[in-house]
Visitor: 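One structure, pasted below without further comment.
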Amino acid sequence: MRLLPDTHLLLWAVGRVARLPPSARELMADPGNKLFFSAVSIWEIAIKRSLGRPGFATDPRLVRSELLAQDYEELPITSDHGVAVDGLPYIHKDPFGRLLVAQAMVEGILLLTSDPRLARYPGPVRKV
């Protein structure tokens, strides 16, 4: 299965594994699953870090390096992803989360999230 963890799950995966929900940890540790990270998440970390937001103190360069070292595959942002945002219902106002949902839909990748609002989107989204 192809998995796209959302930004918080990625931050926890590289820095605070104990914070990962057990269901996420199990899916992400399964060698039969292919893990992806989105450029959207790195962008979100960079922006929220620069704003001093709690939970986003980690250097985005280090997050990216660690994810690549753990064999995650990077998912770039494309115009197809941007267009797909246009068709999403307005359930979640966070633009980063909405773009992650659009990427999951376009690419056919299961988006993993601990955010109950994000999990309400139709399509390949699972709350863990």
Visitor: Nearest 0.5 Å, please: how far is NZ in Lys48 from OG1 in Thr58?
Guide: 13.5 Å

Visitor: Is there a side-chain contact between Leu118 and Asp94 in this structure, where contact means two heavy atoms from C-beta onward sitting under 4.5 Å apart?
Guide: no

Visitor: Assess the side chains of Tyr90 and Arg98: does a donor N or O sit below 3.5 Å from an acceptor N or O?
Guide: no

Visitor: Check whether any side-chain heavy atom of Leu10 lies under 4.5 Å from a side-chain heavy atom of Tyr72, and answer yes or no.
Guide: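 They are in side-chain contact.
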
Visitor: From Thr78 OG1 over to Gln103 CD, what is the distance, rounded to the nearest 0.5 angstrom?
Guide: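 That separation rounds to 7.0 Å.
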
Visitor: Is a salt bridge present between Glu73 and Arg2, judged by a nitrogen-to-oxygen distance below 4.0 Å?
Guide: no

Visitor: Between Tyr121 and Leu111, is there a side-chain heavy-atom distance shorter than 4.5 Å?
Guide: no

Visitor: Roughly how far, to the nearest 0.5 Å, is CG of Leu110 from CG of Leu4?
Guide: 8.5 Å

Visitor: Quick check for you: to the nearest 0.5 Å, what is the distance between Lys127 atom NZ and Ser23 atom OG?
Guide: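 Answer for the NZ-OG pair, Lys127 versus Ser23, is 8.0 Å.
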
Visitor: Looking at every non-hydrogen atom in both residues, tell me the closest pair between Ala104 and Pro124 and how far apart they are.
Guide: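 The answer is O-CG, 3.5 Å.
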
Visitor: Do Leu67 and Val63 have side chains that approach each other closer than 4.5 Å (heavy atoms only, starting at C-beta)?
Guide: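 Leu67 reaches Val63 side chain to side chain.
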
Visitor: With a 4.5 Å cut-off on side-chain heavy-atom distances among I, L, V, M, F, W and Y, is there a chain of contacts connecting Leu112 to Leu75?
Guide: no

Visitor: Decide side-chain contact (heavy atoms from CB on, under 4.5 Å) for Glu74 and Phe36; before the verdict, give the C-alpha distance in whole Å, the side-chain angles of both, and the deciding distance to 0.1 Å.
Guide: CA-CA 6 Å; Glu74 185 171 355; Phe36 291 81; over 6 Å; no

Visitor: What distance separates Leu35 CG from Met28 CE, expressed to the nearest 0.5 Å?
Guide: 6.0 Å

Visitor: Rounded at 0.5 Å granularity, tell me how far CG in Asp30 sits from CE in Met1.
Guide: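 If I round to the nearest 0.5 Å, the distance is 7.5 Å.
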
